[in-house]
Amino acid sequence: MHTCIATVSLSGTLTEKLAAAARAGFGGVEIFENDLLACPLAPEEIRARCADLGLSIDLYQPMRDIEGVPDEVFAGNLRRARHKFQLMNRLGADTVLVCSSVSPHAVDDDARAAGQLAQLAELAEEFGIRVAYEALAWGRHVNTYRHAWRIVEAAGHPALGVCLDSFHILSRASAPEDLEGIADIPGEKIFFLQLADAPLLAMDVLRWSRHYRCFPGQGGFDVTGLVRHVLATGYRGPLSLEVFNDVFRQADAGPTAVDAHRSLLLLKEAAGTAELPPPVVPTGVAFAELLTPDAEPVTALLTALGFTRAARHRGKPVDLWQRGEARILVNTAATARRDGPRLAAIGLESPDPAAAARRAEALLAPALPRRRAPGDAPLDAVAAPDGTELFFCATGDPELPDWRADFTGLPVTPAPSATRSEATRSEATRIEATRIEATRIEATRSEGTRIEATRIDHLAVTQPWHHFDEATLFHRSVLGLTAQASVDLADPYGLMRSRAVSNADGSVRIALGVGAAPADDTAHAAHIALATDDVVAAARAFRAAGGRLLPVPANYHDDLAARYDLADDELETYRDLGILYDRDAGGAFRHCYTETVGRVFFELVQRDPGYRGYGAANAPVRLAAQHAGRLLP
Ligand SMILES: O=C(O)c1ccc(O)c(O)c1
Ligand SMILES: [Mg+2]
């Protein structure tokens with residue numbers, strides 16, 4: 001089906017909006033009158049621009065306050081309409097949207113409204129134009145789609161039909177039966193279908209509509225259910241997104257248009273009108289890749305965390321660091337930015353990497369070159385909306401290329417001991433001891449000795465501030481992960497939002513976060529959480545190896561004593577190590593943080609098997625402590 005987007009949904013000038021819509025793959029646009037009025041191009045030039053871009057102009061909108069008015073007011077409305085129909089002929093647009101009246105002149109008289117709309121349609125027909133009548137949820141007398149249809153039916157004019165808008169319908173619907181009236185409308189009398197979702201908010205419906213609409217799948221409405229009802233009438237016109245949203249008005253139109261189109265593709269999939277390659281849910285985390293201009297701060301941290309450098313890439317400055325099942329790639333390629341280490345890529349274990357990549361590409365995720373260099377294993381990879389590279393891996397599968405084939409084992413070499421200051425020289429010795437111990441543990445593994453199972457518990461990545469809901473939709477739909485509820489976290493300098501997506505057994509957990517202040521490094525650092533069976537032992541070992549744990553204020557632990565009945569010595573241990581504690585119905589969560597290097601830090605977590613969260617209750621304290629740490633010399 002033809003996909004379309006209203007220009008009001010995108011940021012920028014009309015020509016910027018058109019270019020973004022075309023690039024994202026839409027087939028057409030609804031031109032919003034205000035966008036046209038502010039555009040220096042003549043209507044014929046806009047028409048030509050759209051044609052060049054391969055866009056049809058499927059709707060011109062809106063005409064307001066037309067119907068149900070006294071005769072003398074209506075005469076003026078017809079005069080106004082004639083001007084607009086002439087304009088539409090110049091534009092090459094053949095459908096106009098008429099919103100139900102909000103005018104104080106409008107009277108509650110359906111026969112009058114029907115008669116006037118028929119006259120309007122009669123005039124429109126002379127110009128080859130059709131009139132689509134839409135019930136605004138806040139229309140003065142007409143504010144439901146059933147009422148709009150009654151009037152259109154009574155008018156009985158071939159050039160008059162209804163425009164259905166999911167927002168106006170679903171914002172008022174309180175029960176599934178409220179959609180059943182759609183079946184009463186013949187498909188050919190539905191001239192247009194506008195789609196928007198919205199978060200479920202208790203607020204005035206006009207404000208809700210004008211500021212908080214979002215793309216289907218990002219809010220709380222059953223837009224798919226509505227589309228199914230409309231398709232069942234035989235409607236085969238455009239599926240058009242009309243999203244009034246304060247954030248999208250400011251955000252870059254290019255990515256917004258891509259996110260918009262992705263949401264429409266998913267809607268078509270859900271409504272059964274498009275087939276996409278099915279999701280291939282990842283089954284684990286193969287690796288996390290840190291890009292850093294300088295290896296030292298990252299490798300010092302990894303070493304203290306008990307990782308060993310297990311292998312080196314054959315052709316690139318990339319080392320594989322490993323502890324248990326947790327693998328970190330440290331990439332010192334020249335492309336690393338000067339702002340220090342950052343999380344650049346995530347390797348996801350996939351039962352079918354090629355199929356996973358096919359779904360991602362069908363959903364408009366940019367594919368990355370399969371071979372980044374000659375001789376590299378041909379890995380499937382795509383970019384997430386925030387630019388993080390997602391690699392689909394099949395580690396250890398003999399049938400498929402293994403990313404580890406690009407790496408060659410390193411002989412165990414002594415760690416550089418003088419890289420830190422004189423004062424930490426003895427620590428370096430301890431670091432080396434830890435490294436050797438970790439290597440020994442790796443070696444004994446194959447002999448069947450039980451070791452503490454270290455793996456990546458979760459990854460926390462930060463999103464561009466204006467693309468948070470799209471990021472969630474991306475991870476849900478492209479990767480087939482399930483989203484938890486979004487939580488707001490108080491940062492001393494703003495509000496963070498966080499939403500976790502995970503697979504069913506929790507072996508893939510990604511916390512998507514966004515900070516209020518786009519330039520704030522602390523709120524925008526990513527982190528890698530390492531699972532441990534014993535966070536106290538892990539924290540002690542880290543500290544003994546020269547690692548610095550994030551200090552946590554005593555007030556936090558005093559409060560913890562009030563909230564939970566923890567043994568005194570347990571509490572003192574947590575206080576000493578900066579371990580935070582949380583609990584839900586499924587169990588407890590104990591966690592602590594390392595210092596931050598560049599834009600990345602690590603977390604050590606001990607998660608009871610039933611605990612589902614990420615310690616969100618502790619995030620404000622953690623963020624404040626991280627800010628405080630940054631302020632120190
Ligand atoms: O908010 C409005 O005025 C408005 C205008 C046109 C529409 O299609 C709509 O759904 C709302
Ligand atoms: Mg609308």
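Counting starts at 1 for both ligands and their atoms, following the listed order. Values below: every heavy atom of this structure, side chains too, minus hydrogens, waters and symmetry copies.
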Given that the side chain starts at C-beta and the backbone is N, CA, C, O, which of these parts of Cys163 lies under 4.0 Å from ligand 1, counting heavy atoms, or is it both or neither?
neither
Just let me know how Phe244 lines up against ligand 1, side chain, backbone, both or neither, with a heavy-atom cut-off below 4.0 Å.
side chain
Suppose we call two aromatic rings close when their centres sit under 6.0 Å apart. Are Phe244 and Phe167 close by that rule?
no
Between Trp138 and ligand 1, which part of the residue brings a heavy atom under 4.0 Å of the ligand: side chain, backbone, both or neither?
side chain
The atom name of the N, O or S atom in Glu134 nearest to the Mg ion (ligand 2) is OE2
So if I count the atoms of ligand 1 from 1 in the order they appear, which ones are less than 4.0 Å from some heavy atom of Gln194?
8 (O)
Which protein heavy atom lies closest to atom 3 (O) of ligand 1, and at what distance to 0.1 Å?
Arg64 NH1, 2.6 Å
May I ask you to identify the nearest protein heavy atom to atom 6 (C) of ligand 1, giving residue, atom name and distance to one decimal place in Å?
Gln61 OE1, 3.0 Å
So do the side chains of Val131 and Met63 get within less than 4.5 Å of each other, counting heavy atoms only?
no
Looking at Glu242, pick out the N, O or S atom nearest to the Mg ion (ligand 2) and give its name.
OE1
Please determine if Arg262 and Asp259 form a salt bridge, counting it only when a charged side-chain N lies under 4.0 Å from a carboxylate O.
yes
Check whether the ring centres of His168 and Tyr145 lie less than 6.0 Å apart, and answer yes or no.
no
Please work out, at 4.0 Å between heavy atoms, whether the side chain, the backbone, both, or neither of Leu136 comes within that distance of ligand 1.
side chain
Would you say the side-chain atoms of Arg213 and Ser209 include a donor-acceptor pair closer than 3.5 Å?
yes
Any Lys/Arg nitrogen of Asp469 or Arg497 sitting under 4.0 Å from an Asp/Glu carboxylate oxygen of the other?
yes
Can you tell whether the side chains of Asp184 and Lys189 come within less than 4.0 Å, N to carboxylate O?
no
Could you check whether Glu269 pairs with Arg359 (Lys NZ or Arg NE/NH1/NH2 to Asp/Glu carboxylate O, under 4.0 Å)?
yes
Within the 3.5 Å criterion, strictly below it, is a donor on Asp110 or His147 matched to an acceptor on the partner's side chain?
yes
Pro43 vs Tyr60 side-chain heavy atoms within contact, under 4.5 Å:
no
Atoms in ligand 1 flagged as close to Glu134, the criterion being non-hydrogen separation under 4.0 Å:
6 (C), 7 (C), 8 (O), 9 (C), 10 (O)
Is Ser209 close to ligand 1, meaning an N/O of one under 3.5 Å from an N/O of the other?
no
So the atoms of ligand 1 within less than 4.0 Å of a heavy atom of Arg210 turn out to be 1 (O), 2 (C), 3 (O)
Nearest heavy-atom pair of His157 and Ala118: which atoms, and what distance?
CD2-O, 3.7 Å
Honestly, for Met63 the part within reach of ligand 1 (heavy atoms, under 4.0 Å) is neither
Shortest reach to atom 5 (C) of ligand 1 by a heavy atom, considering only Cys99, Ala6, Ser166
Cys99
Atom name of the N, O or S atom of Asp165 nearest to the Mg ion (ligand 2) is OD2
At a 4.0 Å threshold, what atoms of ligand 1 neighbour a non-hydrogen atom of His168?
9 (C), 10 (O), 11 (C)
Going by the atom numbers of ligand 1, which of them fall below 4.0 Å from some non-hydrogen atom of Glu242?
6 (C), 7 (C), 8 (O), 9 (C), 10 (O)
Tell me whether Gln61 has at least one N, O or S atom under 2.8 Å from the Mg ion (ligand 2).
no
